[in-house]
Amino acid sequence: MIRDFIFFFSEALISIRRSGLMIAISIATISVSLVIFGIFLLISANISNLSNFFSAKLEVRVYLKDQVAQTDIPQLKAQFESMPHVRKVEFIDRDVAWDDFKKNFPTIKLNSILSNNPLPHAFRLTVSETEQIPSLVTSIRTLKTVDHVSEMGEYANRIATFSKYTRIAGIILVSLLTMATLLIIVNTIRLTVIARQDEISIMQLVGATVSFIRWPFIIEGLIIGIIGAVIAITFLSFGYSLLVVKFQQSVPFVPMLFDQMALNLIYLTVFALGTILGIFGAYLSVSKTVQHY
Amino acid sequence: MIRDFIFFFSEALISIRRSGLMIAISIATISVSLVIFGIFLLISANISNLSNFFSAKLEVRVYLKDQVAQTDIPQLKAQFESMPHVRKVEFIDRDVAWDDFKKNFPTIKLNSILSNNPLPHAFRLTVSETEQIPSLVTSIRTLKTVDHVSEMGEYANRIATFSKYTRIAGIILVSLLTMATLLIIVNTIRLTVIARQDEISIMQLVGATVSFIRWPFIIEGLIIGIIGAVIAITFLSFGYSLLVVKFQQSVPFVPMLFDQMALNLIYLTVFALGTILGIFGAYLSVSKTVQHY
Amino acid sequence: MIRIKRLRKVYPNGFVALEDVDLHITRNEFVYLVGQSGAGKSTLLNMLYRADVPTSGEIYIDNISLSGLAPKQVPYLRRSIGVIFQDYKLLPKRTVYENVAFALRVMHFSRSRIRRQVTQVLELVGLQQKMNHYPSELSGGEQQRICIARAIVNNPPVLLADEPTGSLDPDTSWEIMQLLSKINARQTTVVVATHNKAIVDDIRKRVVALEHGRIVRDEQLGLYHA
Amino acid sequence: MIRIKRLRKVYPNGFVALEDVDLHITRNEFVYLVGQSGAGKSTLLNMLYRADVPTSGEIYIDNISLSGLAPKQVPYLRRSIGVIFQDYKLLPKRTVYENVAFALRVMHFSRSRIRRQVTQVLELVGLQQKMNHYPSELSGGEQQRICIARAIVNNPPVLLADEPTGSLDPDTSWEIMQLLSKINARQTTVVVATHNKAIVDDIRKRVVALEHGRIVRDEQLGLYHA
Ligand SMILES: Nc1ncnc2c1ncn2[C@@H]1O[C@H](COP(=O)(O)OP(=O)(O)OP(=O)(O)O)[C@@H](O)[C@H]1O
Ligand SMILES: Nc1ncnc2c1ncn2[C@@H]1O[C@H](COP(=O)(O)OP(=O)(O)OP(=O)(O)O)[C@@H](O)[C@H]1O
Ligand SMILES: [Mg+2]
Ligand SMILES: [Mg+2]
């Protein structure tokens with residue numbers, strides 16, 4: 001077994017060395033398509049990161065009726081906190097709100113005209129799932145103590161659906177891209193195998209079994225896939241860190257995916273795709289090219 | 001000349017017919033990579049469409065000092081209109097603004113407390129270039145009649161830089177993608193030409209000139225490129241219109257690129273890339289494969 | 001050893017290459033297959049090592065029917081038959097040594113045994129100095145001799161030789177045919193399709209003549225021409 | 001017609017295939033090139049149609065020096081030289097007809113003229129019925145005859161034949177050699193590298209013998225062996 005493996009491995013190395021140009025071209029094609037695939041993965045990861053970031057900032061403001069007493073506040077707060085998908089509840093005192101308001105609208109000369117605070121008490125709820133905002137708003141509106149829920153609902157709704165559909169579109173695109181990468185890699189390997197059709201048929205004529213012929217090709221496919229993937233990952237990680245630095249310098253307020261774990265997962269996916277497709281492509285190609293007597 | 005062309009053309013057809021599988025595989029690869037390229041073009045077109053849409057909504061609000069008389073308004077309006085990058089100037093009467101404000105903030109019980117309008121007159125300027133907003137704001141602030149310019153500046157600034165960098169990133173990605181597509185297509189064609197290396201050398205041995213050998217390959221590359229591009233475009237246009245319909249139904253407020261002219265331009269680009277790369281790939285491959293004596 | 005019964009071969013394009021061929025070759029026999037260009041010699045040999053299948057009729061090798069052979073068994077049949085191909089069929093990206101060694105590697109021989117046998121057989125055909133060359137770096141006759149070396153390297157019980165001296169000068173041809181005779185004497189059935197009149201007439205053996213796909217003559221110790 | 005001066009050929013791997021070869025072949029001569037397998041016959045012929053370049057020395061064809069030939073001129077040189085290749089070199093994806101026609105197409109002949117000449121030459125080598133077959137559907141001898149047909153189809157002033165009868169039976173070989181003699185009589189210089197002793201000894205012409213890359217014998221109306 002081990003002797004066979006060494007033999008198949010050395011056969012694969014020999015054929016990689018001796019079909020240099022063809023192998024170089026197919027490695028180039030494979031790494032290019034893996035780079036494309038990786039770019040798509042990075043983009044979609046960033047988009048979902050961005051939409052998480054936006055949704056994290058989504059909040060619902062609940063304005064209370066004037067007759068609600070200061071003593072009811074803790075109980076109300078607990079009630080909101082127990083609601084599903086509510087992550088954080090913050091009480092906003094009407095006096096604090098009024099100060100804020102005056103700071104935000106300095107053009108309105110209210111202070112001179114009006115000493116009385118016209119604002120009600122309010123709660124700011126942070127929501128964990130943007131998609132859940134509309135139903136949350138609806139259920140809050142039924143409460144007797146609530147005068148009014150901020151109209152952010154509609155906006156939240158929009159962001160929620162938008163980010164949901166972007167995510168769906170991203171998934172569709174990534175699966176399409178995976179299929180495309182798959183096709184390109186498998187096709188590239190098939191072309192190199194077809195070019196060696198004559199050799200394969202000679203091997204069969206002198207008594208080689210199909211599996212004997214197949215193994216070196218599979219190992220070759222694996223090696224090609226690994227080399228292609230490593231090139232692609234080097235390019236991707238280098239390019240991405242460069243891009244992140246540039247982007248963060250220029251647009252510091254936009255959060256980019258920085259998490260090394262998540263990035264490593266993406267690179268790992270690229271690596272896995274490269275090697276699996278290398279093996280699979282070689283297997284398929286040889287199976288289609290050998291003569292089944 | 002014409003006889004030669006007919007001959008080269010028929011040679012190309014013969015070789016396409018007789019190397020069926022190889023040609024089919026390379027057409028598949030080419031159309032897949034053109035689809036990827038097209039998807040990227042469509043995405044970047046949509047992103048720039050979206051950012052145009054956002055920037056079109058960007059405006060600067062200029063609040064005037066209380067002492068500005070109604071009669072000075074037309075002259076001020078003309079002054080704003082003459083400023084660079086200002087597309088539209090709209091006067092907002094303080095009474096209209098007060099009514100709007102009361103409608104927007106129904107929770108503030110102003111009406112009952114206050115009959116006097118605390119707001120100043122204002123202008124709403126629509127800006128043609130988001131990048132120009134900060135400098136515009138600075139110059140407006142110097143005017144004596146101006147009390148205050150809305151703090152939208154910082155926000156505008158952010159959107160502007162974000163959309164600018166998104167555009168730059170888009171351009172980088174599309175050029176990267178173009179290069180990648182180029183590489184994949186050229187490589188694929190090279191693999192098919194290398195597989196016919198022996199034939200090419202036989203042709204040279206019986207007295208064929210390089211250009212005599214090259215022409216059928218170029219025509220073949222052209223045909224392969226055209227077929228690949230047509231398949232890709234069919235897929236893209238079909239897929240995109242499907243996607244647009246779905247997306248518009250679900251997220252009607254997000255503007256998608258609908259303009260048939262712009263779409264046709266994208267498809268034309270894909271077609272051009274396919275044919276040009278087909279020809280170029282064949283030319284390059286044959287040139288590298290023939291023996292230059 | 002080899003029994004052929006009412007063999008008929010029609011190629012997909014309708015050409016009848018063999019018709020009503022009956023032939024019995026006993027163990028350790030040495031047979032010349034002669035006939036004009038296009039008579040069907042290669043077609044017949046192809047069928048014997050299962051590179052092609054007959055349209056009708058039966059072939060038995062060692063009493064095993066080839067038509068009943070499972071696809072999985074084909075490689076093992078081929079290992080028991082050494083073939084000298086008319087067009088050599090060498091692996092272009094393997095050296096001379098590797099080409100010959102390949103026939104042993106498929107049989108999972110040990111490296112040392114492979115090395116011993118390959119060196120030995122390359123000496124036999126006079127190519128020990130060209131061991132590490134590629135086929136494209138060899139002359140026509142040298143390529144043919146590698147093909148011969150590969151066919152005999154594992155001492156197969158059957159040896160099929162299709163025009164084994166086509167690219168060889170008379171002296172080398174004579175040596176090669178002597179070698180095949182020696183191999184035949186060592187318990188190997190040998191079938192040689194050849195146009196080499198000088199050799200057929202000198203090294204007298206059984207002669208089977210084909211004409212337009214039919215056997216027209218079959219004589220022990222025959223001559224090239226009737 | 002062909003003048004070779006102090007030709008030396010060393011292959012990249014250091015093997016000296018030709019050494020100090022001087023040869024003069026006049027217009028319309030017919031020369032047999034003989035020698036053992038590996039003597040350097042094909043190497044010499046390759047150099048004549050510029051498939052390879054000498055390490056040193058000079059070749060003149062029609063008083064044109066090959067070493068001074070611009071790369072652009074090479075295809076035109078090759079069109080004036082018909083070559084029967086030892087390994088045939090047929091285009092696998094072209095039919096017999098197309099293979100032969102190709103040699104005329106590169107010269108931009110008209111379709112009708114191509115048709116006439118190709119049909120004629122295929123009749124000459126006895127393959128008119130195989131016109132629309134692919135090389136892989138032909139026997140070894142048939143493939144060799146297509147190669148011969150392609151080499152002679154445009155009546156080149158020089159014909160180089162490398163082992164033109166290696167896959168042919170004695171009768172067909174005889175016919176082909178008669179054909180080459182006839183072509184020689186029609187103002188064509190013919191050089192035939194061959195191992196076919198019977199033919200060299202029967203159709204007596206000038207014989208040039210190579211041994212280990214050197215010319216060891218050159219006699220008019222010679223025999224295969226000295
Ligand atoms: N794949 C094929 N398809 C159609 N016809 C074929 C095929 N292979 C061979 N033939 C035809 O069958 C006939 C016999 O071919 P075969 O190769 O057996 O001849 P042969 O006796 O070996 O001749 P040679 O001495 O020239 O090698 C030939 O006329 C050839 O054209
Ligand atoms: N490309 C090459 N690289 C290295 N050595 C080569 C190359 N081509 C040929 N040779 C060697 O040069 C010598 C002469 O080869 P050549 O083909 O000229 O012989 P030949 O006389 O035609 O023999 P044959 O009758 O067998 O065809 C041979 O020993 C061969 O191994
Ligand atoms: Mg044959
Ligand atoms: Mg030779």
Side-chain angles (χ1 to χ4, degrees), chain A residues 1-26 189 191-221 223-224 282 285-293, chain C residues 45-46 48-53 66-67 69-95 97-114 134-136 146-147 149-154 156 158 160 162:
Chain A
M1 272 327 288
I2 288 178
R3 203 207 303 159
D4 276 358
F5 176 76
I6 293 174
F7 170 67
F8 291 145
F9 196 78
S10 75
E11 288 281 292
L13 285 184
I14 283 175
S15 113
I16 286 178
R17 209 148 16 90
R18 297 195 188 154
S19 335
L21 182 61
M22 217 154 198
I23 297 293
I25 292 176
S26 56
I189 291 178
L191 286 182
T192 68
V193 173
I194 288 175
R196 281 185 279 172
Q197 194 158 37
D198 291 346
E199 287 174 59
I200 290 178
S201 86
I202 292 173
M203 290 176 180
Q204 289 198 284
L205 282 181
V206 298
T209 57
V210 173
S211 82
F212 188 88
I213 293 169
R214 197 185 271 145
W215 273 110
F217 276 95
I218 289 180
I219 295 171
E220 196 184 314
I223 294 173
I224 291 177
S285 307
V286 176
S287 301
K288 289 225 170 182
T289 303
V290 293
Q291 208 187 316
H292 291 285
Y293 312 105
Chain C
L45 295 184
N46 280 346
L48 292 182
Y49 64 93
R50 193 69 164 61
D52 206 345
V53 286
L66 293 197
S67 65
L69 209 64
K72 282 206 161 248
Q73 292 300 313
V74 172
Y76 301 94
L77 168 77
R78 289 183 182 163
R79 289 178 200 175
S80 69
I81 301 177
V83 185
I84 301 168
F85 299 94
Q86 193 168 11
D87 53 355
Y88 319 152
K89 294 204 188 298
L90 300 173
L91 297 166
K93 283 180 201 128
R94 310 282 167 139
T95 62
Y97 179 86
E98 288 164 351
N99 260 285
V100 178
F102 193 84
L104 299 179
R105 279 188 176 154
V106 298
M107 296 167 81
H108 304 279
F109 280 23
S110 73
R111 280 179 81 83
S112 57
R113 184 155 170 214
I114 291 177
Y134 291 96
S136 62
I146 309 172
C147 183
R150 182 180 60 188
I152 63 177
V153 69
N154 66 339
V158 180
L160 306 179
D162 199 350

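Order of the sequence lines sets the chain letters (A, B, ...), proteins ahead of strands, with each chain counted from 1.
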Next item on the list: Check side-chain contact (heavy atoms from CB on, under 4.5 Å) between A:Ala208 and all other residues, then give those that pass, not counting sequence neighbours.
Entry: A:Met203, A:Phe212, A:Ile213, C:Phe102, C:Val106
Next item on the list: Measure from the side-chain N and O atoms of C:Arg78 to the backbone N and O of A:Gln204, and report whether any donor-acceptor pair falls under 3.5 Å.
Entry: yes
Item checked: chain A contact via C:Val74 - which portion, at a heavy-atom distance below 4.5 Å -> side chain
Notebook entry, point to check: Of the non-hydrogen atoms in C:Arg150 and C:Asn99, which two are nearest, and what is the gap between them?
Noted result: CD-O, 3.5 Å
Margin query: Any non-hydrogen side-chain atom of C:Leu77 less than 4.5 Å from a side-chain atom of C:Leu66?
Written below: yes
Check: Are the side chains of A:Ile202 and C:Tyr88 in touch, meaning some heavy atoms are under 4.5 Å apart?
Finding: no
Next item on the list: Give the member of A:Leu205, A:Val206, A:Ile14 that has the highest number of heavy-atom pairs under 4.5 Å with chain C.
Entry: A:Leu205
Notebook entry, point to check: Given the options C:Arg50, C:Lys93, C:Glu98, which has more heavy-atom pairs under 4.5 Å with chain A than any of the others?
Noted result: C:Lys93
Check: Looking only at heavy atoms, which of residues 194-201 of chain A get nearer than 4.5 Å to chain C?
Finding: A:Arg196, A:Glu199
Note to self: Which residues pass the ring-ring contact (aromatic ring centres under 6.0 Å, His included) test with A:Phe9, not counting sequence neighbours?
What the structure shows: A:Phe5
Note to self: Please check: side-chain N/O of A:Ser19 versus main-chain N/O of A:Ile16, any donor-acceptor pairing under 3.5 Å?
What the structure shows: no
Item checked: Residue pairs involving residues 101-114 of chain C (criterion salt bridge (Lys or Arg N to Asp or Glu O under 4.0 Å); sequence neighbours excluded) -> A:Glu11-C:Arg105
Notebook entry, point to check: Quick one: what part of C:Leu90 sits under 4.5 Å from any heavy atom of chain A, side chain, backbone, both or neither?
Noted result: backbone
Checklist line | Partner chain A: residue of C:Tyr76, C:Tyr49, C:Tyr134 with the largest heavy-atom pair count (under 4.5 Å) | finding: C:Tyr134
